[in-house]
Amino acid sequence: MTQPVFLGMPTAPPGVGQLRSRRPFPEAARAALGDAQLRRNLAKATGTIRAKRAAVVEELPDWAELRAAGAAIKDQVLAGLDGYLVQLEEQVSARGGVVHWARDANEANRIVTDLVKAAGAGEVVKVKSMATQEIGLNEALATAGIAAWETDLAELIVQLGHDSPSHILVPAIHRNRAEIREIFLREMGKVGLPAPPDLSDEPRALAEAARLHLRRKFLEAEVAVSGANFAVAETGTLAVVESEGNGRMCLTLPRVLITVMGIEKLVPTWRDLEVFLQLLPRSSTGERMNPYTSMWTGVHDGDGPSEFHLVLLDNGRTATLADPQGRSALRCIRCSACLNVCPVYERTGGHAYGSVYPGPIGAVLSPQMTGVADNASLPYASTLCGACYDVCPVAIDIPQMLVHLRSRVVDAKREASRTPSPERVVMAAAAWTMDSPARWAGALRAARLGRLLGGRRGRITALPPPLSAWTGTRDVPLPPSQTFRDWWTRRERRRRRNP
Amino acid sequence: MNARDEVLARIRTAVADGAAPAPVARDYRTAGQPPAVAGEELLELLVDRLVDYRALVRRSSTAMVAATVVAALTERGARRVAVPEGILPAGLDRLEPGIELVGDAPPLSPAQLDGLDGVLTGCAVAIAETGTIVLDGGSGQGRRALSLVPDYHLVVVTAAQVVATVPEGLARLDPARPQTWISGPSATSDIELDRVEGVHGPRTLEVIVCS
């Protein structure tokens with residue numbers, strides 16, 4: 001077998017950022033499943049958003065066409081990514097922006113830290129950004145003595161709670177209103193304006209507390225750090241979609257803006273936004289349009305930051321791009337619709353996945369970005385029910401990709417260890433048996449011996465080790481008393497005798 | 001090799017299998033098609049969608065717009081209101097005494113903006129189907145901070161600025177201009193995915209739709 005090219009492509013480095021699970025998914029999931037409060041919070045939130053999404057998608061007569069166009073545009077981007085990135089760089093530079101390239105998380109963190117230091121700032125305000133979570137930017141800035149204030153409400157809840165995000169869109173989805181109230185009362189005063197002592201747990205009151213807490217920081221901030229939802233190669237335009245106005249504050253008021261963006265976030269033309277600005281809000285918050293979308297192209301004289309830096313981040317994206325059967329994961333526009341419909345995510349929550357990208361999309365994205373050996377359990381964190389594919393606005397066939405990644409996990413394990421595993425021995429034996437029709441027929445007949453193990457109701461409820469790993473959680477149906485081949489042969493014989 | 005060249009080289013290696021992508025079929029509703037809704041029906045759709053996302057809406061006419069603005073500001077109790085260059089069509093320059101219009105030249109500081117009762121702007125485009133108002137820094141719209149920091153945003157939309165769909169809206173806009181797309185007041189769904197209005201952007205959005 002030839003060595004697949006993606007094995008040679010540098011993946012996201014370990015020891016920085018948050019893409020790797022510290023423990024295997026089944027172990028992490030078991031802990032999450034024991035948390036009844038978490039499961040209640042998740043069921044309520046995902047149930048709400050599923051209904052909202054379904055209603056606004058239903059409203060559009062051309063959803064299927066938009067979805068197909070979204071997938072096709074992103075495939076076009078991926079096929080010509082080098083050219084589009086160079087075009088974007090030219091456009092941003094021509095309009096007063098500065099473009100930086102980062103091979104990985106460490107390099108991106110270094111670039112941003114140096115830019116903040118050069119601006120002479122001791123703190124930055126941040127717009128919610130998956131890319132900066134992925135690379136662990138806040139931690140890197142803290143090491144350099146720079147405070148990073150998260151300004152998205154959910155990110156603020158996560159930051160104040162010394163917690164980690166568990167959902168792409170709503171990082172604090174695992175917290176309910178009562179828990180959020182407690183975090184605000186306990187923590188806000190330690191880092192700025194305290195929450196009012198009579199704070200209620202009404203979402204409106206909690207939002208008001210966040211507004212007051214962050215107001216001064218917005219009005220005085222010198223430097224902001226953001227991510228980007230889209231970048232238009234043709235024009236150099238960047239777009240950030242949001243709801244609260246914290247994005248507008250960060251993108252407009254500070255003197256210096258630093259945007260960290262994964263290299264796959266491009267669209268070729270201005271016109272392409274007409275597709276994604278319909279797909280994204282309806283898929284993500286279940287709204288016809290999110291409250292605010294900001295777009296800027298380089299530096300605008302007298303309006304907004306006078307200094308703009310764009311950091312283009314690889315960090316395992318080219319490794320993902322190199323696998324023809326896995327690359328379409330890079331179409332992802334981070335809407336999180338797949339999380340909200342996933343029966344596994346709904347029960348375990350995002351933390352069990354161990355990466356900033358949880359849920360179905362995380363299960364295909366994280367292992368590709370880190371190399372499958374480092375997130376080997378994630379491709380199995382799925383029932384392959386297919387709900388994620390149905391709702392994906394860019395038609396990523398996540399179930400099929402999961403199956404493909406499972407085979408890569410098995411390959412990687414084989415590469416890593418020459419000692420035959422039970423799985424390998426069984427697979428090798430199966431291949432030998434299936435190679436010959438006679439051996440295959442014999443094996444099927446031999447399987448009838450399994451009937452001797454039959455328990456009640458025609459099921460095998462306990463097998464000896466190592467097969468007990470299977471029957472520990474499920475029954476095995478009894479093999480039939482007659483194989484299909486035997487039945488067919490006898491039937492044909494009878495027909496020949498009495499035509 | 002520097003980072004730029006290395007990332008570009010990685011990309012070229014990664015896609016060397018040369019699988020050609022399928023062409024993009026734009027058989028969704030595009031800007032070129034005759035609009036499915038127009039005229040009064042279009043304005044009603046816009047109003048419906050604005051109200052659905054908790055914006056306040058007033059209907060007016062080009063002749064009556066000054067009076068409608070005054071009525072809105074008076075009801076709101078807004079005394080000091082930011083106004084960008086070019087917002088004042090006939091009549092708007094003579095508002096009731098007691099309402100102070102504050103210009104943005106020289107530019108107001110964030111703290112000054114924070115001290116105002118509201119901001120009055122026009123817009124570049126309004127998209128009916130999504131209830132979206134787009135500001136692009138053109139005449140009567142001002143820089144982005146102006147329509148962001150004050151807690152009350154009053155927008156005047158004229159019938160000619162209203163389109164039905166997102167593709168129609170985008171086709172009218174110039175990517176070289178800074179844009180803010182606004183759909184209802186500031187909101188969040190971050191607590192239990194339940195939408196509540198009013199976080200960092202203007203907590204009240206009021207729209208005057210002029211026929």
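Chain naming here is simple, since letters A, B, ... match the order of the sequence lines and numbering starts at 1 in each. Note that these values count all heavy atoms, side chains included, but never hydrogens, waters or copies made by symmetry.
A:L253 touches chain B through its side chain: at least one heavy atom from C-beta onward sits under 4.5 Å away, while N, CA, C and O do not. Using a 4.5 Å cut-off between heavy atoms, B:L113 makes no contact with chain A at all. The contact between B:E192 and chain A is made by backbone and side chain atoms together, counting heavy-atom distances below 4.5 Å. For chain B, the nearby part of A:I173 is the side chain; its heavy atoms alone come within less than 4.5 Å. Proximity to chain B (any heavy atom under 4.5 Å) is shown, for A:L312, by neither the backbone nor the side chain. For A:T48, the part lying near chain B is the side chain, with the backbone staying farther off; criterion is any non-hydrogen pair under 4.5 Å. For B:E168, no part lies under 4.5 angstrom from a heavy atom of chain A. For B:V134, no part lies under 4.5 angstrom from a heavy atom of chain A. Within the 4.5 angstrom heavy-atom criterion, only side-chain atoms of A:L85, from C-beta onward, approach chain B. Proximity to chain B involves both the backbone and the side chain of A:A69, based on heavy atoms less than 4.5 angstrom apart. For chain A, the nearby part of B:A25 is the backbone; its heavy atoms alone come within less than 4.5 Å. Proximity to chain A (any heavy atom under 4.5 Å) is restricted, for B:R26, to the side chain, taken from C-beta onward. For A:D314, the part lying near chain B is the side chain, with the backbone staying farther off; criterion is any non-hydrogen pair under 4.5 Å. Only the side chain of A:I180 comes within contact range of chain B, with heavy atoms under 4.5 Å apart. For B:R12, the part lying near chain A is the side chain, with the backbone staying farther off; criterion is any non-hydrogen pair under 4.5 Å. Only the side chain of A:T252 comes within contact range of chain B, judged by heavy atoms closer than 4.5 Å. Proximity to chain B (any heavy atom under 4.5 Å) is restricted, for A:L78, to the backbone atoms N, CA, C and O. For A:Q76, the parts lying under 4.5 angstrom from a heavy atom of chain B are both the backbone and the side chain. Heavy atoms of B:P202 lying under 4.5 Å from chain A belong to its backbone as well as its side chain.
The only member of B:L46, B:V155, B:V156, B:T158 that meets side-chain contact (heavy atoms from CB on, under 4.5 Å) when paired with B:V209 is B:L46. Each of A:V241, A:L169, A:N340 was scored for a side-chain contact (heavy atoms from CB on, under 4.5 Å) with A:S284, with one residue passing: A:L169.
Side chain of B:R79 to backbone of B:L116: no donor-acceptor contact under 3.5 angstrom is found. A donor-acceptor distance shorter than 3.5 angstrom exists from the side chain of A:R211 to the backbone of B:G201, with no hydrogens or angles considered. With B:R49 contributing its side chain and B:E44 its backbone, the two residues share no donor-acceptor pair below 3.5 Å.
When the candidates B:P107, B:P167, B:G184, B:G169 are compared by the number of heavy-atom contacts under 4.5 Å with chain A, B:P167 comes out ahead. Between chain B and the options A:G70, A:A72, A:S243, A:G245, the largest number of non-hydrogen pairs under 4.5 Å is found for A:S243. Put simply, of A:R204, A:E208, A:R317, the one with the most heavy-atom pairs under 4.5 Å next to chain B is A:R204. Contact count against chain A (heavy-atom pairs under 4.5 Å) is highest for B:R10 among B:E6, B:R143, B:R10. If you tally non-hydrogen atom pairs under 4.5 Å between each of A:G304, A:A210, A:P61 and chain B, the highest count goes to A:P61. Counting heavy-atom pairs closer than 4.5 Å to chain A, the top residue among B:V196, B:I11, B:L135 is B:I11. With respect to chain A, the highest number of heavy-atom pairs below 4.5 Å among B:L148, B:T165, B:V166 belongs to B:L148. Each of B:D17, B:N2, B:T132 has some count of heavy-atom pairs under 4.5 Å with chain A, and the biggest count is that of B:D17. Contact tally against chain B (heavy-atom pairs below 4.5 Å) for A:L277, A:T151, A:L321: the top residue is A:L321. Most heavy-atom pairs under 4.5 Å with chain B: of the set A:E287, A:R175, A:H167, this distinction falls to A:E287. In terms of heavy-atom pairs under 4.5 Å with chain A, the best-connected choice from B:P110, B:P21, B:A187 is B:A187. Counting heavy-atom pairs closer than 4.5 Å to chain B, the top residue among A:K44, A:E155, A:E59, A:R103 is A:R103.
Within the cation-pi definition used here (under 6.0 Å to the ring centroid, within 45° of the axis), A:R288 qualifies as a partner of B:Y53.
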What's the verdict on salt bridge (charged side-chain N to carboxylate O under 4.0 Å, His left out) for B:R80 and B:D117, showing C-alpha distance, side-chain angles and the deciding distance?
CA-CA 5 Å; B:R80 300 182 67 236; B:D117 297 325; over 6 Å; no
How far apart are the C-alpha atoms of B:H200 and A:E242, what are their side-chain angles, what is the distance that settles it, and do they pass the side chain to side chain contact (heavy atoms under 4.5 Å, CB included) test?
CA-CA 11 Å; B:H200 304 295; A:E242 50 130 358; over 6 Å; no
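Using a cutoff of 4.0 Å between basic side-chain nitrogens and carboxylate oxygens, A:D75 and A:R327 are not scored as salt-bridged. Salt bridge A:D201/A:R177: absent, no basic N to carboxylate O contact under 4.0 Å. Look at B:E40 and B:R59 and you find a salt bridge, because one of the NZ, NE, NH1 or NH2 atoms lies within 4.0 Å of a carboxylate O, short of that distance.
Inspection of the A:N290 and A:T293 side chains reveals an N or O donor paired with an N or O acceptor under 3.5 Å. There is a side-chain donor-acceptor pair under 3.5 Å between B:R76 and B:T204. With no hydrogens or angles considered, a side-chain donor-acceptor pair links A:W101 and A:E89 at under 3.5 Å. Neither side chain, A:E234 nor A:T269, offers a donor N or O lying under 3.5 Å from an acceptor on the other. Checked by atom type, the side-chain pair A:T237/A:T297 shows a donor-acceptor distance below 3.5 Å.
The aromatic ring centroids of A:W63 and B:Y28 lie 6.0 Å or more from each other.
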